[in-house]
Chemist: 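Take this structure first; my questions come after.
The model shown is predicted, which means the values in this text are computed figures rather than measured ones. Quick note: numbers below take in every heavy atom, side chains included, and nothing from hydrogens, waters or symmetry partners.
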Amino acid sequence: MDHIAIIGAGQAGATCAETLRKRGFAGRVTLWGDEPEMPYQRPPLSKDYLLGDITRERLYLRPAAFWVEQGVELRTDTRITAIDPEARTLTHAGGTEGWDALVLATGSRANVLPQRCTGGLPGTHVVRTLADIDRLAPEMTEGRRMLVVGGGYIGLEAAAVARKIGMEVVLVELNVRLLNRVACKPTADWFRALHRDQGVDIREGVGLDTLLGNGRITGARLTDGAELEVEVVIAGIGAQPETSLAEAAGLTLDNGIAVDDRGRTSAPSIWAAGDCCSFPYRGDRVRLESVPHAIDQAEAVAGNLMGDDAPYVAKPWFWSDQYDVKLQIAGLNAGFDDIVTRDGEGRSHWYYAGDTLLAVDAMNAPRAYTVGKRLIEAGRSPDKAAVADAGVAIKSLL
């Protein structure tokens with residue numbers, strides 16, 4: 001291969017390009033990003049960067065000189081408008097270029113509030129890109145009133161930052177409870193209490209009906225008829241895999257771009273990694289949105305492009321920072337039927353299907369997280385009574 005093109009200059013795309021060079025690929029590598037920025041970290045955007053605790057430069061994964069030294073042609077601020085699997089070309093505003101292998105690392109895009117909810121008023125925000133945060137930051141000032149729509153991790157993180165700044169915060173979640181799709185009820189209860197203790201007005205089973213105002217947002221009407229005075233609105237209502245290029249090119253989709261256990265799509269010489277794709281996992285097909293997964297899968301795809309022919313075995317883990325709490329999650333909890341709670345060092349919730357350990361939520365409990373992660377990755381399940389007994393040393397569960 002003379003030319004490997006990577007579309008998407010986020011964590012997965014940047015990791016793939018870097019790994020190709022580490023593995024000795026001597027051909028041409030182009031890394032295409034539609035944002036004007038060099039590849040950067042997303043997790044600090046809604047926390048440290050929004051609070052002003054870290055600079056813009058510290059967000060970048062690598063300095064500009066790195067890409068030059070590695071011989072990676074970094075093409076920022078360039079949107080790819082089409083790919084042709086048969087001709088092996090990609091098209092952008094400047095023309096059409098060929099490739100020998102293509103990696104799609106297009107990530108995901110934040111869901112936005114529908115027109116019927118915004119009332120056509122400008123000024124609602126999402127938390128996804130550096131540009132999103134740069135638009136939001138001037139709105140985040142002490143004493144202003146914020147509405148957060150969505151009680152998932154993004155919404156909760158946004159609420160935590162706003163309270164740190166000194167804003168008044170109402171958070172609405174249309175489902176019956178917070179974290180309804182991603183965590184068990186005990187975890188949701190724990191975080192509800194945390195946020196209420198910090199002064200967040202949480203309303204569950206209630207959504208946004210419409211925003212109110214004349215040229216700018218001054219209020220919001222909720223689905224239960226309540227009206228609020230509001231000046232800033234953040235939508236934390238999930239994300240969708242960015243699959244438009246793949247769909248137009250006729251690639252198979254299944255909750256994202258469908259890839260096999262090597263990272264190959266349905267089209268020869270096209271691969272995918274990161275948030276944008278789904279892949280086989282323990283007899284099922286899953287799609288993960290996390291930095292560790294983006295890194296690991298991108299490294300696996302780069303290795304397979306170099307001839308490894310090795311399956312990607314995911315080791316899911318996630319984290320969220322809210323106030324002085326670090327939530328660490330190991331594994332995937334789909335299919336659980338029992339929750340075991342462990343207190344002592346922080347709090348942890350252990351998800352079981354029968355006697356099989358699936359996942360662990362650890363709130364300020366790093367040792368529980370570490371032990372749980374090792375057990376899950378080894379396919380081992382500790383006795384539930386031992387997990388629940390804070391008198392049993394956590395390491396003994398191994």
Chemist: Counting only heavy atoms from other residues, nucleotides and ligands, does the tally under 6.0 Å from CG of D53 exceed 12?
Modeler: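 More than 12 heavy atoms, drawn from other residues, nucleotides or ligands, come within 6.0 Å of this atom.
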Chemist: Does any pair with a residue in residues 381-398 pass side-chain hydrogen bond (donor to acceptor under 3.5 Å, both in side chains), and if so which ones, sequence neighbours excluded?
Modeler: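 Counting only pairs at least two positions apart or across chains, the side-chain hydrogen bond (donor to acceptor under 3.5 Å, both in side chains) contacts touching residues 381-398 are D338-K384.
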Chemist: Check whether the side chains of E139 and T141 place a donor and an acceptor atom closer than 3.5 Å, and report yes or no.
Modeler: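 No pair is found: no donor N or O on one side chain lies under 3.5 Å from an acceptor on the other.
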Chemist: Kindly write out the residues that satisfy side-chain hydrogen bond (donor to acceptor under 3.5 Å, both in side chains) with E247, not counting sequence neighbours, or none if the list is empty.
Modeler: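 Counting only residues at least two positions away or on another chain, E247 forms no side-chain hydrogen bond (donor to acceptor under 3.5 Å, both in side chains).
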Chemist: Using the ring-ring contact (aromatic ring centres under 6.0 Å, His included) criterion, which residues pair with Y312? Sequence neighbours excluded.
Modeler: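 Y312 satisfies ring-ring contact (aromatic ring centres under 6.0 Å, His included) with F279, H293 once adjacent residues are dropped.
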Chemist: In a check of side chain to side chain contact (heavy atoms under 4.5 Å, CB included) between W350 and each of V360, D361, I376, I339, which one passes?
Modeler: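 Answer after filtering V360, D361, I376, I339: V360.
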Chemist: Would the number of heavy atoms belonging to other residues, nucleotides or ligands and lying under 6.0 Å from CZ of R262 be above 12?
Modeler: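 Yes - once you tally the heavy atoms of other residues, nucleotides and ligands closer than 6.0 Å, there are more than 12.
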Chemist: Treating T19 as the side-chain partner and T15 as the backbone partner, does any N or O pair qualify as donor plus acceptor under 3.5 Å?
Modeler: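 At least one qualifying donor-acceptor pair exists.
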Chemist: Any Lys/Arg nitrogen of E97 or R28 sitting under 4.0 Å from an Asp/Glu carboxylate oxygen of the other?
Modeler: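 Judged by the 4.0 Å cut-off on N to carboxylate O distance, E97 and R28 do form a salt bridge.
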Chemist: Salt bridge (charged side-chain N to carboxylate O under 4.0 Å, His left out) between R42 and E35: does it pass, once the steps are laid out?
Modeler: CA-CA 13 Å; R42 293 193 193 277; E35 295 182 61; 3.2 Å; yes
Chemist: If we ignore angles and hydrogens, is there a donor and acceptor under 3.5 Å between the side chains of R285 and S278?
Modeler: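 Short answer, yes.
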Chemist: Of all residues at least two apart in sequence or in a different chain, which pass the ring-ring contact (aromatic ring centres under 6.0 Å, His included) check with F66?
Modeler: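 ring-ring contact (aromatic ring centres under 6.0 Å, His included) check on F66 returns nothing, list empty.
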Chemist: So do V340 and L357 actually touch side chain to side chain, heavy atoms under 4.5 Å?
Modeler: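 No, their side chains stay 4.5 Å or more apart.
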Chemist: If the condition is salt bridge (charged side-chain N to carboxylate O under 4.0 Å, His left out), which residues does R374 pass it with, not counting sequence neighbours?
Modeler: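 Partners of R374 under the salt bridge (charged side-chain N to carboxylate O under 4.0 Å, His left out) test: none.
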Chemist: So Y352 and L358, side chain to side chain contact (heavy atoms under 4.5 Å, CB included) or not? Walk me through it.
Modeler: CA-CA 6 Å; Y352 281 81; L358 301 177; over 6 Å; no
Chemist: Only counting residues at least two apart or in another chain, list the ones meeting salt bridge (charged side-chain N to carboxylate O under 4.0 Å, His left out) with D321.
Modeler: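 Scan of D321 (salt bridge (charged side-chain N to carboxylate O under 4.0 Å, His left out), adjacent residues dropped) gives K326.
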Chemist: Among R163, M140, E168, which one satisfies side chain to side chain contact (heavy atoms under 4.5 Å, CB included) with M146?
Modeler: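 Going through the options one by one, the only one that passes is M140.
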Chemist: With side chains defined as the heavy atoms from C-beta onward, is the minimum distance between L74 and P39 less than 4.5 Å?
Modeler: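 With C-beta onward as the side chain, the pair touches.
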Chemist: Is there a donor-acceptor pair under 3.5 Å between the side chain of T252 and the backbone N or O of S266?
Modeler: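 The answer is no, because no donor-acceptor pair under 3.5 Å joins these two groups.
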Chemist: What residue pairs, at least two apart or across chains, pass salt bridge (charged side-chain N to carboxylate O under 4.0 Å, His left out) with a residue in residues 83-96?
Modeler: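 Counting only pairs at least two positions apart or across chains, no salt bridge (charged side-chain N to carboxylate O under 4.0 Å, His left out) contact touches residues 83-96.
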Chemist: Going by side-chain hydrogen bond (donor to acceptor under 3.5 Å, both in side chains), name the pairs with one or both residues in residues 62-71, residues two or more places apart or in two chains.
Modeler: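 Applying side-chain hydrogen bond (donor to acceptor under 3.5 Å, both in side chains) to every pair that reaches into residues 62-71, excluding sequence neighbours, yields E18-R62.
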Chemist: Give every residue pair that meets the salt bridge (charged side-chain N to carboxylate O under 4.0 Å, His left out) criterion with at least one member in residues 108-122, sequence neighbours excluded.
Modeler: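 Non-adjacent pairs meeting salt bridge (charged side-chain N to carboxylate O under 4.0 Å, His left out): R109-E242.
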Chemist: Please answer whether the main-chain N or O of A273 pairs with a side-chain N or O of Q297 as donor and acceptor at a distance below 3.5 Å.
Modeler: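 No, the answer is negative, given that no donor and acceptor are paired below the 3.5 Å cut-off.
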Chemist: Got a sec, which pairs hit salt bridge (charged side-chain N to carboxylate O under 4.0 Å, His left out) with one end in residues 149-160, sequence neighbours left out?
Modeler: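 Listed once each, the pairs are K47-E157.
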Chemist: Measure the spacing between CD1 of I83 and OG1 of T96 and express it to the nearest 0.5 Å.
Modeler: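 Interatomic distance, I83 CD1 to T96 OG1, rounded to 0.5 Å: 12.5 Å.
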Chemist: Using distance alone, with no hydrogens and no angle criterion, decide if T30 and H3 have a side-chain donor and acceptor under 3.5 Å apart.
Modeler: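 Looking only at side-chain atoms, H3 and T30 do form a donor-acceptor pair, the distance falling under 3.5 Å.
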Chemist: May I ask you to test the S290-W319 pair for a side-chain heavy-atom distance under 4.5 Å?
Modeler: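 No - every pair of side-chain heavy atoms lies 4.5 Å or more apart.
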Chemist: Mind listing the closest non-hydrogen atom pair of A159 and Y323 along with its distance?
Modeler: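 Nearest pair, atom of A159 first, then Y323: O-OH, 4.1 Å.
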Chemist: Just by distance, do the side chain of Y281 and the backbone of P316 share a donor-acceptor pair under 3.5 Å?
Modeler: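 Side chain of Y281 to backbone of P316: no pair is present.
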Chemist: Is there side-chain contact between I234 and V126, with heavy atoms separated by less than 4.5 Å?
Modeler: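 The answer is no, as the side chains (C-beta and beyond) never meet within the 4.5 Å cut-off.
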Chemist: Give the minimum heavy-atom separation between L104 and A246, together with the two atoms involved.
Modeler: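 Minimum heavy-atom contact is CD1-CB, 4.1 Å.
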Chemist: Would you please test E37 and R56 for salt bridge (charged side-chain N to carboxylate O under 4.0 Å, His left out) and show each step?
Modeler: CA-CA 10 Å; E37 308 291 340; R56 193 183 199 85; 2.7 Å; yes
Chemist: Do L288 and W317 come within less than 4.5 Å of each other through their side chains, counting heavy atoms only?
Modeler: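 When only atoms from C-beta onward are counted, W317 and L288 do not touch, as no gap falls below 4.5 Å.
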Chemist: Does I217 sit in a hydrophobic cluster with other residues, and if so which ones, taking ILVMFWY side chains as linked at heavy-atom separations under 4.5 Å, directly or through other members?
Modeler: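 Listed partners: L113, L121, L147, V149, V170, V172, V206, L208, L211, L222, L228, V230, V233, I237.
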Chemist: Give the C-alpha distance, both sets of side-chain angles, the deciding distance and a yes or no for salt bridge (charged side-chain N to carboxylate O under 4.0 Å, His left out) between E173 and R203.
Modeler: CA-CA 6 Å; E173 168 54 56; R203 307 188 187 190; over 6 Å; no
Chemist: Let's go through D254 and R287 carefully: what are the C-alpha distance in whole Å and the side-chain angles of both, what is the deciding distance for salt bridge (charged side-chain N to carboxylate O under 4.0 Å, His left out) to 0.1 Å, and is it a yes or a no?
Modeler: CA-CA 9 Å; D254 185 354; R287 186 176 66 85; over 6 Å; no
Chemist: Check whether any side-chain heavy atom of L171 lies under 4.5 Å from a side-chain heavy atom of L178, and answer yes or no.
Modeler: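 Result yes, sub-4.5 Å side-chain heavy-atom pair found.
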Chemist: Which pairs with one or both residues in residues 175-192 pass salt bridge (charged side-chain N to carboxylate O under 4.0 Å, His left out), sequence neighbours excluded?
Modeler: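 Those involving residues 175-192 are K185-D189, D189-R192, R192-E204.
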Chemist: Are the side chains of D132 and T129 in contact, using a 4.5 Å heavy-atom criterion?
Modeler: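 Yes, side chains in contact.
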Chemist: Give a yes or no on whether a salt bridge exists between R75 and E73, defined as a side-chain N under 4.0 angstrom from a carboxylate O.
Modeler: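 Salt bridge between R75 and E73, a charged N being under 4.0 Å from a carboxylate O: yes.
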Chemist: More than 12 foreign heavy atoms under 6.0 Å from CD of E229: is that the case here?
Modeler: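 No - once you tally the heavy atoms of other residues, nucleotides and ligands closer than 6.0 Å, there are 12 at most.
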Chemist: Is it true that atom CG of D337 has more than 12 heavy atoms of other residues, nucleotides or ligands lying nearer than 6.0 Å?
Modeler: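 Buried by this count: over 12 neighbours within 6.0 Å.
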Chemist: Would you find a donor on one side and an acceptor on the other, under 3.5 Å apart, between the side chain of R128 and the backbone of S108?
Modeler: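 Between the backbone of S108 and the side chain of R128 there is a qualifying donor-acceptor contact (under 3.5 Å).
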Chemist: When the ring centroid of H92 is compared with that of W32, is the distance short of 6.0 Å?
Modeler: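 Yes: the rings meet the under 6.0 Å criterion.
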Chemist: Compare all side-chain heavy atoms of L305 with those of M1 and state whether any distance is below 4.5 angstrom.
Modeler: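 Yes, side chains in contact.
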